[in-house]
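Being a predicted model, the structure only gives us computed values, none of them experimental.
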Amino acid sequence: MELRPGRKEDVPAIAKLYDLARAALKDAGVPQWQDGYPNGDDALRDIEAGHGYVLTENGEVAAFACLAFGVEPTYNVIEDGSWKGCGEYGFLHRVAVDPVLRGQGAAGLFFDELKRQARDRGVRIIRGDTHRLNLPMQRVMAKNGLELRGVIHVEDGSERLAYECILE
């Protein structure tokens with residue numbers, strides 16, 4: 001697998017990954033992403049902002065994620081817990097992995113890259129969130145050193161479990 005910044009021509013493949021992820025979440029009884037978000041337009045915005053990354057397998061787009069730094073407004077209020085770190089942080093959003101690669105560490109490669117970029121920037125905090133019923137992503141976060149810190153609410157008001165890692 002090769003990690004690289006996403007390109008505009010990757011958007012149709014990314015949109016297909018989102019459709020596959022949406023179907024897998026629905027089959028698992030997870031209501032996350034069932035309203036059409038995220039989609040190709042969201043991926044294009046991530047790519048144009050310099051935050052969209054793809055994993056390719058044999059030259060084909062096999063996974064996508066948004067890796068960003070700054071302020072995620074939905075992280076400003078955390079309930080049933082608290083953030084450990086304060087200051088600038090990196091965060092990972094909109095992860096979609098081809099079902100063929102699930103369980104092969106693809107999502108972990110995005111976390112590795114986010115951590116690398118954080119260290120290069122002198123940032124010590126990584127955050128992420130996922131739906132309470134999205135057990136695979138909860139396992140990925142825990143496996144990559146993120147600790148459950150509480151609950152946040154996304155733009156539509158629905159809750160997400162909030163995770164954080166303080167880098168050494």
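Side-chain contact between Ile47 and Arg7: absent, with no pair of heavy atoms (C-beta onward) separated by less than 4.5 Å. Two residues are said to be in side-chain contact when any heavy atoms from C-beta on lie closer than 4.5 Å; Leu3 and Thr56 fail this criterion. Considering only heavy atoms from C-beta on, Asp129 stays 4.5 Å or farther from Leu161 through its side chain. Looking only at side-chain heavy atoms (C-beta outward), His153 and Glu79 come within less than 4.5 Å of each other.
Met137 and Ile14 are members of different hydrophobic clusters when ILVMFWY side chains are connected at heavy-atom separations under 4.5 Å. Cluster membership check: Tyr18 does not share its hydrophobic cluster with Leu101, using side-chain heavy-atom separations under 4.5 Å among Ile, Leu, Val, Met, Phe, Trp and Tyr. At a threshold of 4.5 Å between side-chain heavy atoms, the hydrophobic network of Ile, Leu, Val, Met, Phe, Trp and Tyr places Tyr89 and Phe69 in two separate groups. Phe64 and Leu55 sit in two unconnected hydrophobic clusters of ILVMFWY residues. Membership requires side-chain heavy atoms under 4.5 Å apart, directly or through other members. Hydrophobic clustering (ILVMFWY, side-chain heavy atoms < 4.5 Å, transitive): Leu92 and Val123 are in one cluster.
Other residues sharing a hydrophobic cluster with Leu135 under the 4.5 Å side-chain heavy-atom criterion for ILVMFWY residues do not exist; the residue is a singleton.
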Q: Test Lys16 against Asp10 for salt bridge (Lys or Arg N to Asp or Glu O under 4.0 Å), laying out the working first.
A: CA-CA 10 Å; Lys16 182 179 175 186; Asp10 296 326; over 6 Å; no

**Q.** Asn144/Asp112 under side-chain contact (heavy atoms from CB on, under 4.5 Å): CA gap, chis, key distance, verdict
**A.** CA-CA 8 Å; Asn144 286 280; Asp112 289 346; 4.2 Å; yes

Which pairs of donor and acceptor atoms, one on a side chain in residues 21-30, lie under 3.5 Å apart (sequence neighbours left out)?
unit_1: Arg22; atom_1: NH1; unit_2: Trp33; atom_2: O; d: 3.0
unit_1: Arg22; atom_1: NH1; unit_2: Tyr37; atom_2: O; d: 3.3
unit_1: Arg22; atom_1: NH1; unit_2: Pro38; atom_2: O; d: 3.3
unit_1: Arg22; atom_1: NH2; unit_2: Asp19; atom_2: OD1; d: 3.4
unit_1: Arg22; atom_1: NH2; unit_2: Pro38; atom_2: O; d: 3.0

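Relative orientation of the Tyr75 and Trp83 rings is tilted, given thresholds of 30° and 60° on the angle between their planes.
The minimum heavy-atom distance linking Ile152 with Val77 is given by the pair CG2-O, 3.5 Å. Nearest heavy atom pair, residue Pro99 against residue Leu20, reads CD-CD1, 3.8 Å. Listed here is the closest heavy atom pair of Ala118 and Ile126: CB-CD1, 3.8 Å. Nearest heavy atoms, Gln34 versus Pro31: CG-O, 3.2 Å. Residue Ala107 comes nearest to Val95 through the heavy atom pair CB-CG1, 4.4 Å, listed as atom of the first residue, atom of the second, then distance. The two atoms that bring Leu17 and Val97 nearest to each other are CD2-C, 4.3 Å, heavy atoms only.
Distance alone, capped at 3.5 Å, places no donor-acceptor pair between the Lys143 side chain and the Gly105 backbone. The main-chain N or O of Thr130 is never found under 3.5 Å from a side-chain atom of Asn134 such that the two would form a donor-acceptor pair. Remark: the backbone N or O of Asn39 is paired with a side-chain donor or acceptor of Asp42 at under 3.5 angstrom.
For the 3.5 Å distance criterion, the side chains of His93 and Glu72 qualify, holding a donor opposite an acceptor. A side-chain donor-acceptor contact under 3.5 Å links Gln117 and Tyr53.
Remark: Met141 CE to Phe111 CZ distance equals 5.0 Å, nearest 0.5 Å. Rounding to the nearest 0.5 Å places CG of Leu146 at 8.0 Å from CD of Glu164. Rounding to the nearest 0.5 angstrom, the gap separating the CZ atom in Arg127 from the CD atom in Glu147 is 12.0 Å. Atom-to-atom distance recorded for Met1:CE and Leu109:CG is 5.0 Å, nearest 0.5 angstrom. Between Asp46 atom CG and His51 atom NE2 the span is 8.0 Å, to the nearest 0.5 Å. For the atom pair Glu155 CD and Thr74 OG1, the distance stands at 5.5 Å (nearest 0.5 Å).
Applying the 6.0 Å contact sphere to CD of Glu88 captures more than 12 heavy atoms from other residues, nucleotides or ligands. Within a 6.0 Å sphere centred on CZ of Arg116, heavy atoms belonging to other residues, nucleotides or ligands number more than 12.
Test Glu159, Gln32, Arg160, His131 against Val154 for side-chain contact (heavy atoms from CB on, under 4.5 Å) and you get one pass: Arg160.
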